[in-house]
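Heads up: the structure comes next, in structure tokens.
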Amino acid sequence: MAGKGKDKRRGRDTSEAHLGQVDGGQAALEPDRERPRAWTLLIDGAPQSHVDLDDPGHLDFSYQRRIGHLIDLFAPARQPLNVLHLGGGAFTLARYTAASRPRSTQQIVEIDAGLVAFVREHLPLDPQARVRVRALDARAGLAKVPDGWADLVIADVFSGARTPAHLTSAEFLDDVRRALAPGGWYVANLADGPPLSHLRGQIATAASRFAELALAADPVVWRGKRFGNAVLVAADRELPLAEFTRRVASDPHPGRVEHGRALTDFAGGAVPVSDASAVASPEPPPSVFR
């Protein structure tokens with residue numbers, strides 16, 4: 001769930017958009033009036049991804065920039081990585097990784113085969129990029145990843161505008177840990193609104209499986225004033241918190257990073273989610289996409 005795009009997208013003439021029916025609904029690729037070969041992907045009117053074919057290093061959505069910072073900070077610049085993307089969208093973050101870290105090996109798991117075909121047709125991947133796309137459920141695709149293969153597992157999975165329940169549990173994170181290499185990071189795009197019960201539960205669940213956590217979100221989301229995205233990073237090694245915090249704070253739409261005791265206090269005694277108790281993330285209000 002990407003949330004609102006920039007104001008320049010509002011009221012756009014969609015006569016030049018590419019339209020298609022995919023498994024998840026009506027897909028549209030709308031041109032970016034300010035970037036000649038850039039497009040926004042929407043599903044049933046909800047913004048999902050933004051891609052600039054001329055500049056795959058450009059990340060338009062705030063949550064994707066925050067994930068981009070983590071990709072940049074994981075290892076020295078241009079060092080190739082093994083990255084598993086759960087959820088494909090328009091392959092924005094895989095394109096970013098391929099551009100910033102050539103020779104990286106990446107897998108995308110996207111359940112919507114129609115969406116995969118639609119994106120491939122209109123926004124083709126660089127043929128030199130080492131990116132494999134599998135049309136599978138995210139958890140089923142994760143199960144096929146060899147033990148210890150992934151430096152990064154990036155989860156950005158929404159069915160409609162909700163994260164499916166089976167991707168929110170401790171058992172799901174057990175399989176993420178299995179797929180991660182020693183020192184690897186789990187990164188997730190989460191979405192919630194007041195009273196932030198889902199977000200608190202996801203923090204508690206990640207804390208039950210990983211030693212180190214940090215969460216980046218807009219201040220209005222932290223205060224429970226608005227529905228929005230939050231980016232979680234979890235690891236069993238020390239995270240580069242000072243630099244991540246600096247980069248998030250200096251973004252065009254500045255965010256705030258919490259970790260340690262402050263994040264524990266924010267979770268407020270929430271308990272980890274299991275497969276038996278898991279529910280999908282909450283439905284965003286219609287105002288989010290206006």
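Given the structure is predicted, the values throughout are model-derived calculations rather than measurements.
Counting heavy atoms from C-beta on, the side chains of Glu171 and His166 never come closer than 4.5 Å. Side-chain contact between Leu29 and Phe118: present, with at least one pair of heavy atoms (C-beta onward) separated by less than 4.5 Å.
With rounding to the nearest 0.5 Å, the separation of CG in Leu59 from CZ in Arg95 is 12.0 Å. We find the CH2-OG distance between Trp39 and Ser49 to be 15.0 Å, quoted to the nearest 0.5 Å. Atom-to-atom distance recorded for Leu241:CG and Glu212:CD is 7.5 Å, nearest 0.5 angstrom.
Checking side-chain atoms of Gln106 against main-chain N and O of Ala94 turns up a donor-acceptor pair under 3.5 Å. Formation of a donor-acceptor pair under 3.5 Å by the Ser169 side chain with backbone atoms of Phe172 is found in this model. Side chain of Arg237 to backbone of Trp185: no donor-acceptor contact under 3.5 angstrom is found. In this structure, Ser104 contributes its side chain and Leu81 its backbone to a donor-acceptor pair below 3.5 Å. Side chain of Thr168 to main chain of Ala278: no donor-acceptor pair is present (N/O by atom type, distance under 3.5 Å, no hydrogens or angles). Between the side chain of Asn82 and the main chain of Asp151, no donor-acceptor pair closer than 3.5 Å is present. Judged by distance alone, with hydrogens and angles left aside, the side-chain atoms of Gln48 form no donor-acceptor pair with the main-chain N or O of Gly89 at under 3.5 Å. For the pair Ser277 (side chain) and Val273 (backbone), a donor-acceptor distance under 3.5 Å is absent. The backbone N or O of His253 sits nowhere less than 3.5 Å from a side-chain atom of Asp251 that would complete a donor-acceptor pair. Put simply, the side chain of Arg101 gets close to the backbone of Pro76: a donor and an acceptor are under 3.5 Å apart.
Below 30°, between 30° and 60°, or above 60°: for Phe244 and His69 the angle between ring planes is above 60°, a perpendicular geometry.
Donor-acceptor pairing under 3.5 Å is lacking for the side chains of Ser281 and Arg162. For the 3.5 Å distance criterion, the side chains of Arg200 and Ser197 fail to qualify, holding no donor opposite an acceptor.
Val233 pairs with exactly one of Ile67, Leu152, Val187 by the side-chain contact (heavy atoms from CB on, under 4.5 Å) rule, that one being Val187. Asp156 pairs in a side-chain hydrogen bond (donor to acceptor under 3.5 Å, both in side chains) with only one of the listed residues (Asn229, Asn189, Thr92), which is Asn189.
Salt-bridge formation is detected for the pair Glu16/Arg33: a Lys NZ or Arg NE/NH1/NH2 atom is positioned less than 4.0 Å from an Asp or Glu carboxylate oxygen. Under a 4.0 Å N-O distance rule, the pair Arg226/Asp218 qualifies as a salt bridge. Comment: Asp72 engages Arg247 in a salt bridge, judged by a side-chain N to carboxylate O separation of less than 4.0 angstrom. Arg209 has a carboxylate O that lies under 4.0 Å from a charged side-chain N of Asp174, or vice versa, which qualifies the two as a salt bridge.
Residues that satisfy the side chain to side chain donor-acceptor pair (under 3.5 Å) test with Arg246, not counting sequence neighbours, are Glu243.
Closest non-hydrogen pair, Pro102 versus Arg78, comes out as CG-NH2, 3.2 Å.
Residue pairs that meet the salt bridge (charged side-chain N to carboxylate O under 4.0 Å, His left out) test with at least one member in residues 175-184, sequence neighbours left out, are Asp147-Arg178, Asp175-Arg178, Arg177-Asp236.
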